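Since we're looking at a predicted model, the values are computed, not measured. Quick note: numbers below take in every heavy atom, side chains included, and nothing from hydrogens, waters or symmetry partners. Letters go in sequence order (proteins before strands), and every chain restarts at 1.
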Protein chains: 2
Amino acid sequence: MEEKLPTIDSVFSIDCLIFGFDAGELKILLIERNEEPFKDWLALPGYFVKQEESVDDAADRILYELTGLRDLPMKQFHTFGEVNRHPQGRVITVGYYALIRINGQKELRPISHYAKKAIWHSVNNLPKLAFDHTEIFNNGFGKIRRRLNYQPIAFDLLPEKFTLTQLQGLYEAILNKKLDKRNFRKKMLSYGFLKELVEKQKGVSYRAAKLYKFDRRKYSKIFQNEMGV
Amino acid sequence: MEEKLPTIDSVFSIDCLIFGFDAGELKILLIERNEEPFKDWLALPGYFVKQEESVDDAADRILYELTGLRDLPMKQFHTFGEVNRHPQGRVITVGYYALIRINGQKELRPISHYAKKAIWHSVNNLPKLAFDHTEIFNNGFGKIRRRLNYQPIAFDLLPEKFTLTQLQGLYEAILNKKLDKRNFRKKMLSYGFLKELVEKQKGVSYRAAKLYKFDRRKYSKIFQNEMGV
DNA sequence: ATTTAATGGTGTAATTTTCACACCTTATAT
DNA sequence: ATATAAGGTGTGAAAATTACACCATTAAAT
């Protein structure tokens, strides 16, 4: 009894899908690899899980080491377990995603030498990625799109204070379709979890829009278990 | 380059959540373990993934070996990666689920000696399960409950021909709440994917109900990408 | 033959949600 | 002053959701 099992180092990995929103465009965080295989290719930030850390912890550590971003609220979306997905051997990987404010984050600066650099790339016109990362991206992006319809995940991508037009632009970028302005505003406001601020937009050469905040407390009260958090 | 990685045997596993519906009750498939650790305990059917098989393939094989059930349409729902979830070492497990017709299946008969037997147990009053299987169960069951609201997963649990009352009973069992009979029928029929049969229920000591079939072809046509398959 | 027990089967009105659609207002730059 | 660019607003039609109660049918029991 109590015999020891082998270690998981080098056979189990994490890949991260980090979405940001900037200049009306949805972006994904990629790294330029500095290691074989796929040296110099663009890839999702990802690396091996260590023996003594939980998978969730590994996701945080790996993202930090490859991009300099820390403590993002990442969640699992799928585990990829095909036999030949890694050229050097059998590696199972679990995909995590997070939606974040690009400008709320410090600059991208890989800590580990496995990444040459980290960049934000539009989700449109993605180049071919290393390994099966294109498939991982498509899988995760699809799930997030569907989730947007019943969970308030979009607010994580916006600055703390935002206008309704920015919010709508974000929904349109994720869903990849135009929405009706009046209906969108009516619906968003009807939920009751947007807090209207006195403050207005500044530095625009047109009528300044009201700013809003996402009120997470109100959201939790209103929806509790309904929206399937 | 092209160095070989270690193998994944004994560090990566599958656990299966197989739901069935019988006598108005939702059931879960459990095995009685025949091996330490947790010998003699009830557990979810689960075992280690082999080096040369995909994770999806492993799920099919393992379920078959432990319960005798084959080729169920299982899907992943979450990967559990805490460091101390297995007493003998570091094991990461991926949870799969399926919803099936209990009576449409051959009898339960473990092939491998790792399971003494396999049984159907009500999802209510579950005993303490081996490992962190209670947590895995709760996680998966919660997801299925939510999924029921936008995907026609319930039909997999019923016999091919079923009455609307049976279908409603199943929804009530999964959602754990009473539904209005007229509204339920109206809504189900309005989808247009239920095919009314000429045949009626037999062997009941009250008015025989019409039988229906779930028409998967019509379903796909109607909903295509809408319901987030 | 009659009664009983159990489920089958049906419709309507009120409410809520969704959707389609167009114009005036405001702030700034010139 | 005027041109520009986005801000901000309401209504009516259609669809979906909800609440709600009674008679019909069958087999078994008497």
Side-chain angles (χ1 to χ4, degrees), chain A residues 21-25 146 148-152 158-159 161-173 175-213 222-223 226-228, chain B residues 21-25 146 148-152 158-159 161-173 175 177-213 219 222-223 226-228:
Chain A
F21 184 59
D22 188 35
E25 247 198 347
R146 273 172 255 135
L148 184 66
N149 293 312
Y150 51 92
Q151 279 184 39
L158 291 175
K161 301 168 183 181
F162 53 86
T163 69
L164 291 178
T165 300
Q166 288 171 335
L167 183 60
Q168 182 177 344
L170 173 54
Y171 268 75
E172 291 178 341
L175 300 176
N176 200 26
K177 67 177 178 193
K178 281 278 167 205
L179 301 172
D180 178 84
K181 183 162 66 160
R182 278 173 294 187
N183 291 337
F184 180 82
R185 285 164 180 244
K186 208 189 321 174
K187 187 161 182 182
M188 278 298 150
L189 293 174
S190 78
Y191 286 135
F193 52 57
L194 290 187
K195 186 172 173 185
E196 184 180 326
L197 305 177
V198 186
E199 205 177 338
K200 296 205 169 170
Q201 211 177 12
K202 274 176 191 153
V204 289
S205 76
Y206 46 81
R207 177 176 175 184
K210 281 182 209 158
L211 290 170
Y212 291 82
K213 257 187 174 169
I222 299 169
F223 291 99
E226 283 181 57
M227 276 173 131
Chain B
F21 185 59
D22 188 34
E25 247 199 346
R146 273 173 253 134
L148 184 65
N149 293 312
Y150 51 91
Q151 279 185 40
L158 291 175
K161 300 168 184 181
F162 53 85
T163 70
L164 291 177
T165 300
Q166 287 170 336
L167 182 61
Q168 183 176 344
L170 173 53
Y171 268 76
E172 291 177 341
L175 299 175
K177 67 177 176 194
K178 280 277 166 205
L179 301 172
D180 178 84
K181 182 162 65 160
R182 276 174 294 188
N183 291 338
F184 180 82
R185 285 163 180 245
K186 205 187 326 171
K187 185 160 182 183
M188 277 300 148
L189 294 174
S190 77
Y191 286 136
F193 53 57
L194 290 188
K195 187 172 172 186
E196 185 179 326
L197 305 177
V198 186
E199 204 177 339
K200 295 208 167 169
Q201 210 176 13
K202 271 174 194 154
V204 290
S205 75
Y206 44 81
R207 177 176 176 182
K210 281 182 208 156
L211 290 170
Y212 291 81
K213 257 187 175 169
Y219 168 74
I222 298 170
F223 292 98
E226 283 182 56
M227 275 173 131

(request) State whether B/Thr165 places a side-chain N or O below 4.0 Å from either non-bridging phosphate oxygen (OP1 or OP2) of C/dG8. (result) yes
(request) Please report, rounded to the nearest Å, how far the C1' atom of D/dT25 is from the CD atom of B/Gln201. (result) 12 Å
(message) For the CG atom of B/Leu148 and the CG atom of B/Leu175, what is their distance to the nearest 0.5 Å?
(response) 5.0 Å
(request) Rounded to the nearest 0.5 Å, what's the gap from CG on B/Leu189 to OH on B/Tyr212? Could you check? (result) 5.0 Å
(message) I need the B/Gln168 CD to B/Lys178 NZ distance, nearest 0.5 Å.
(response) 7.5 Å
Protein-nucleotides 25-30 of chain C N/O pairs under 3.5 Å:
| residue | atom | partner | partner atom | Å |
| --- | --- | --- | --- | --- |
| C/dT25 | O2 | A/Arg207 | NH1 | 2.9 |

(request) Can you tell me the distance, in whole Å, between the CD atom of A/Gln168 and the C1' atom of D/dA6? (result) 12 Å
(request) Enter the distance from B/Lys177:NZ to B/Glu172:CD here, rounded to the nearest 0.5 Å. (result) 10.5 Å
(message) Side chain of A/Arg185, heavy atoms from C-beta onward: which of D/dG7, C/dA22, D/dA21 has the nearest atom to it?
(response) D/dG7
(request) Could you pull out all residues at least two apart from B/Phe21 that satisfy ring pair (Phe, Tyr, Trp, His ring centres under 6.0 Å)? (result) none
(request) Could you please spell out the steps behind the side-chain contact (heavy atoms from CB on, under 4.5 Å) verdict for A/Asp180 and A/Phe184? (result) CA-CA 6 Å; A/Asp180 178 84; A/Phe184 180 82; over 6 Å; no
(message) I need the CG-P distance between B/Leu167 and C/dG8, as an integer number of Å.
(response) 12 Å
(message) Can you tell me which residue among B/Glu196, B/Lys200, B/Glu199, B/Lys202 is in a side-chain contact (heavy atoms from CB on, under 4.5 Å) with B/Leu211?
(response) B/Glu199
(request) Report which part of the nucleic acid A/Lys181 touches: base, sugar-phosphate, or nothing (heavy-atom distance under 4.0 Å, all strands). (result) base
(request) In whole angstrom, give the distance that lies between atom NZ of B/Lys202 and atom P of D/dA27. (result) 12 Å
(request) Evaluate the side-chain contact (heavy atoms from CB on, under 4.5 Å) criterion for residues B/Thr165 and B/Arg185: first the C-alpha distance (whole Å), next the side-chain angles of each, then the deciding distance (0.1 Å), finally the verdict. (result) CA-CA 9 Å; B/Thr165 300; B/Arg185 285 163 180 245; 3.1 Å; yes
(request) With the side chain counted from C-beta on, respond yes when B/Tyr171 and B/Met188 share a heavy-atom pair under 4.5 Å apart, and no when they do not. (result) yes
(message) Whole angstroms only, please: what is the CG-C1' distance between A/Asp180 and D/dG8?
(response) 13 Å
(request) Take atom NZ of B/Lys210 and atom C1' of D/dA24, then tell me their distance rounded to the nearest Å. (result) 13 Å
What protein N or O atoms touch nucleotides 13-18 of chain D N or O atoms at under 3.5 angstrom, if any, and at what distances?
| residue | atom | partner | partner atom | Å |
| --- | --- | --- | --- | --- |
| D/dT18 | O4 | B/Lys186 | NZ | 3.0 |

(request) Measure from the side-chain heavy atoms of A/Arg182 and tell me the nearest of D/dA21, C/dC21, D/dC20. (result) C/dC21
